[in-house]
Structures are given as structure tokens and as C-alpha cells.
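Reviewing the structure listed below.
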Protein chains: 2
Amino acid sequence: MSADHLDADESAEPRAADGRVPGRRGRATRQRLLECTGQMLKDRTYRDLKVVDIAREAGTSPATFYQYFPDVESAILVLADYMVAQGSETFSALTAKASWKGRAGYEASLDLVDGVLAFWERFQPLLRVVDLATDEGDLRFANVRTRLLNDLNNTLARAAADHQSLGKGQPGVNPDAIGGVLVAMMVHVSAHRLGFEFWGVRTEDLREAMARIVFWSVTGQKPPTAG
Amino acid sequence: MSADHLDADESAEPRAADGRVPGRRGRATRQRLLECTGQMLKDRTYRDLKVVDIAREAGTSPATFYQYFPDVESAILVLADYMVAQGSETFSALTAKASWKGRAGYEASLDLVDGVLAFWERFQPLLRVVDLATDEGDLRFANVRTRLLNDLNNTLARAAADHQSLGKGQPGVNPDAIGGVLVAMMVHVSAHRLGFEFWGVRTEDLREAMARIVFWSVTGQKPPTAG
DNA sequence: CGGGGCTCCTGACGGTGCGTCAGATACAGT
DNA sequence: ACTGTATCTGACGCACCGTCAGGAGCCCCG
């Protein structure tokens, strides 16, 4: 639940490799390196991201990069932290106000699914790296993933539990499992959206299928029939 | 649909780097290298798998490895091909005979989910690499993934379509989307099973939540209430 | 049983990227 | 201008990659 001990490097003063706190010029260089890193992630794949390229792009030398980040992953983690912040904001906006009742409830499910799809679209390059590094066993990125999905997870689990306590929804099924499974579904489909399209399945159709599953899993109600 | 032009290297005679067809001794070495590769995948992570280590483990030299495989990925692909064959067998056994009606239908959904979970458990190291390489954009592994999931996908889509044509199920929703979404859910949860357990969600509960979603998505019927 | 001609193996090498110094360079204050 | 601190970088050693040319093993025929 609490994540106080899991701060990224950014929560404190950024320190250079030798321990000193960077001044104005240093912070500008650091920022430039970050921006170039984010930029290059859009083109090349994570594993083809060479320190020397980032440095050259930022008009500096590889050694300078290591002054501010112990490795490429650490730089990406800083960008990922920003993404997590955006995610919390985005997802809480989508789930806070929504009601689960009737047609409006189904519309809210659609909005939620659309929100996740859009978020994955927007941060695609970063999320690709996060998924990759998480699967590779990098705990720093696993942590990013957890922080990003935690709220979503809890919100859905809470909603499922609320319906259960009223005798609706999915009685007797662990609400955390419901939330986790739904998040897994949305996340995985979002991540492989292009693969689906390539395989001939329109995103529009995925969106509908997922929203219906979300709505039914939480409320136990059959969603309104599709147009 | 058709995959005739996508054969892995294994469908034809394995050839050595210089084009010749290996004899008895050569094939034994090749096999030994394959086994060591599979073995070492269980310990180290994919990216830490160095050719020199595989070679040493197999009691030979790095150069020998390159005699039989252009790169590490290619060796893993051979192992993956075997896995795909196992998968086709496993999954078709799970879906061929099953009926979707009533309580037995729900049991079949449970069996299906269990089957996927067990399969992912069994081939965990290999599947981790397949997922990883697919996400990294390696088309050879994306192809493995497609072949592995295609049947499952089609089976579920077909079942959904059948129910729709009887006025049941999810009328008006693209059956391919339903199949794809369900497979995505099962696969992603299976891949992150340990993550869920660590986070406090028992596999038993995930299994139930997923089976219910599968059953409902295909048949449109509410599954039997949980004990 | 010994030598010719295959198959099979490997030591050694050039290449690329990593990460780390020691020292060069820019800048700010006096 | 002068000095000390902040910032940068050229150059290096390391590790792994992938490729040769040539050595070692094996089989078979004479």
C-alpha cells in the first residue's frame, strides 16, 4: 500500500556522479540529456539506445552522460516518473466521478478503456521500455509499473467490492483478482494494439469488447446491446 | 491465416554456417548446444545469456556455436518451435471436446484458464524471452507468439460467433475482438502470475475471475455462483 | 594399418560499445 | 588578470561479438 521507501532518484536533489549538487549549467545539460533520451526512444528500440548516441545528440560526450546518470535505465526512469504522475492524474480523473449505474455506467467503462488506450498510445515508447525492463526482472521498472497501475487496480477492485456488498456484481469472487484481471486485460491489449490492427481486429471493436467485460465484471449487469 | 511462408529454420534440413549438412557428430553437438541454451535460460535472464557461456557449458567453443546458429535468438527460436507444437496440442485438447452449456461449460472455461496458466508455468523461461523479443520488435518471435495463440484465439472467436448466431452471447460485438481480448487477458495474467502473488492476489482467485469472464463473454450467461 | 579426404572444432583477431579516469576547459568572484 | 570551483572530455581498459584460417578428429579404402 505505502510506497514511501520506493522513491525514485528524483525525489531528492539530483546529484552528479561525484556527489556534488549540480549548478545551473549542469542542470541544463542534464535536462538536455533527458530530452534527447526521450526523443531517441521514439525512433530506435530500447536496446539500440547507445549512450554515445544520446550524448552526441545532446552535443556533448559520453563521459558527461555518466556524470548525471549511472546508466541509460536511470535516465529513462526519470522520464518514467513523470509519466507515472501523468497517469495518476489521468486515471483518477476517469474513475473518480464516474457512476456505474445503467447506460451511464457503461459509458464510463468505455471512457475508462479509451483512457487507457489513449495513455498507452501517448507514452508508447516509454511504456514499451517499462514493460520490457519489468519482464527482464529490473525491479526499478517493476516498481514504476506498480505505481502506475495501482490506483486503477484499487479503483476497480473497490467498485467490484461495493457491488458485492449490495449482493450484485460477482459475489464470492475476490475483488482484487477482478481488478487485477481487468487491468491486465486493458494494459495488454493497449500494448499490442498495433498487433491487433495488423491482424485485422479494429481498435474500435477491442474497445467495445473490453468495456463490456469491465462493466459486467464490476456490476454483474449485462451492458446495453451494441448498436 | 495461412503460414506456409513463415517456416522456421527447422522445417528443412538444419544447415551449418558454411552450407554443409551436418553429420552424426555435428548434430549431436548442435543438440547439446540447444539443451544447454534451454537450461541456462532458466537461471540467467535472456540478455545475460552470452554465447561464450553456452559454449563453455556445452564443453565447446563460441565459434562452434556460430557454426550451427547465426545468433542466440535463432537457437532459442528452435526451442520455441517445439513449444509451439506442444501448445497446439495442449490447447486443442482443451477446447475441442468442451461444451459451453451450463455448469459443464463453466467447468470447461476453468479448464481452459488452468491450461493456459499451467502452460505458461511450464514454459516460463522460454515464454519470457518470446514476450520480450516480441516487444522489442523481433518479427521472428512475434511470429512464434502468433502461431502459439492463433488457435486459441480462433477457437474462442468461433465459439463467440456461434453463440451470437443463436441470438445469445454478445450480439453485435466483433467475435475476433472478443477472442483476442480474452486471450490477451489470460496470457498477460499468466505471465505476471508471480507478480500478482507477490502483490497478495492468489492464483486461485485470478483463475476464477478469468474463467467467469471467459464464460460470460462467450455465452452471455452468468456463470454459476462461486462456492 | 596408414594415409587421404572428409567433417568438425577452435585460437586468435578486429570491431563496437561500455564505463572510468586524469586532466583540460569554462566560468564566477575578487 | 588570477584563482578556485564547476563542468566537460580524450583516451583507456574491459567485455563481448562474430569471423576467419587452419588444426584436430574420424572414416574408409587400399
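Proteins get letters first, then strands, A, B, ... in listed order; numbering begins at 1 in each. Every heavy atom of this structure was used, including side-chain atoms; hydrogens, water molecules and symmetry mates were not.
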Protein-nucleotides 19-25 of chain C N/O pairs under 3.5 Å:
unit_1 : atom_1 : unit_2  : atom_2 : d
C:dG19 : OP2    : A:Tyr66 : OH     : 2.5

Starting from [atom2] on [N], measure out to [atom1] on [X] and report it in whole angstrom.
X       : N      : atom1 : atom2 : value
A:Asp53 : C:dC18 : CG    : C1'   : 13 Å
B:Ile54 : D:dC16 : CD1   : P     : 13 Å
A:Arg47 : C:dT16 : CZ    : C1'   : 16 Å
A:Arg56 : C:dC18 : CZ    : P     : 11 Å
B:Asp48 : D:dC16 : CG    : C1'   : 12 Å
A:Arg44 : C:dG17 : CZ    : P     : 10 Å
A:Phe69 : D:dT7  : CZ    : P     : 14 Å
B:Arg32 : C:dC8  : CZ    : P     : 12 Å

N/O (side chain, [X]) to phosphate O (OP1/OP2, [N]) under 4.0 Å:
X       : N     : value
B:Thr29 : C:dC9 : yes
A:Thr60 : D:dT9 : yes
A:Thr64 : D:dC8 : no

Nearest to the side chain of B:Tyr68 - C:dT10, C:dC8, D:dC16?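 Closest of the options to the side chain of B:Tyr68: C:dC8.
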
Exam field: side chain A:Ser217 to backbone A:Val214, donor-acceptor pair closer than 3.5 Å: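 Not confirmed, A:Ser217 side chain does not pair with A:Val214 backbone.
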
Going through the distances and angles, do B:Phe91 and B:Thr155 end up as a side chain to side chain contact (heavy atoms under 4.5 Å, CB included)? CA-CA 9 Å; B:Phe91 296 144; B:Thr155 304; over 6 Å; no

Provide the closest heavy-atom pair for A:Leu117 versus A:Ser190 in the form atom of the first, atom of the second, distance.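 Where A:Leu117 meets A:Ser190 most closely, the heavy atoms are CD2-OG, 3.5 Å.
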
For B:Asp151, check side-chain contact (heavy atoms from CB on, under 4.5 Å) against everything at least two apart and list the hits.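 So B:Asp151 forms a side-chain contact (heavy atoms from CB on, under 4.5 Å) with B:Ser88.
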
With sequence neighbours excluded, tell me which residues meet side-chain contact (heavy atoms from CB on, under 4.5 Å) with A:Leu79.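 Checked A:Leu79 against side-chain contact (heavy atoms from CB on, under 4.5 Å); matches are A:Leu34, A:Thr37, A:Leu126.
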
Working note: A:Asp53 + A:Arg56, criterion salt bridge (charged side-chain N to carboxylate O under 4.0 Å, His left out); need CA distance, chi angles, decisive distance, verdict. CA-CA 5 Å; A:Asp53 295 328; A:Arg56 184 159 27 223; 3.5 Å; yes

Could you tell me which residues satisfy salt bridge (charged side-chain N to carboxylate O under 4.0 Å, His left out) with B:Arg25, sequence neighbours excluded, listed by chain and number?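 Once residues adjacent in sequence are excluded, B:Arg25 has no partner under the salt bridge (charged side-chain N to carboxylate O under 4.0 Å, His left out) criterion.
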
Who passes salt bridge (charged side-chain N to carboxylate O under 4.0 Å, His left out) against A:Asp71, sequence neighbours left out?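 Applying salt bridge (charged side-chain N to carboxylate O under 4.0 Å, His left out) to A:Asp71 gives A:Arg140.
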
Test salt bridge (charged side-chain N to carboxylate O under 4.0 Å, His left out) on A:Glu208 and A:Arg202 and set out the steps. CA-CA 10 Å; A:Glu208 191 181 1; A:Arg202 306 273 312 143; over 6 Å; no

Please produce a list of atom pairs where a protein N or O lies less than 3.5 Å from an N or O of nucleotides 2-4 of chain D.
none

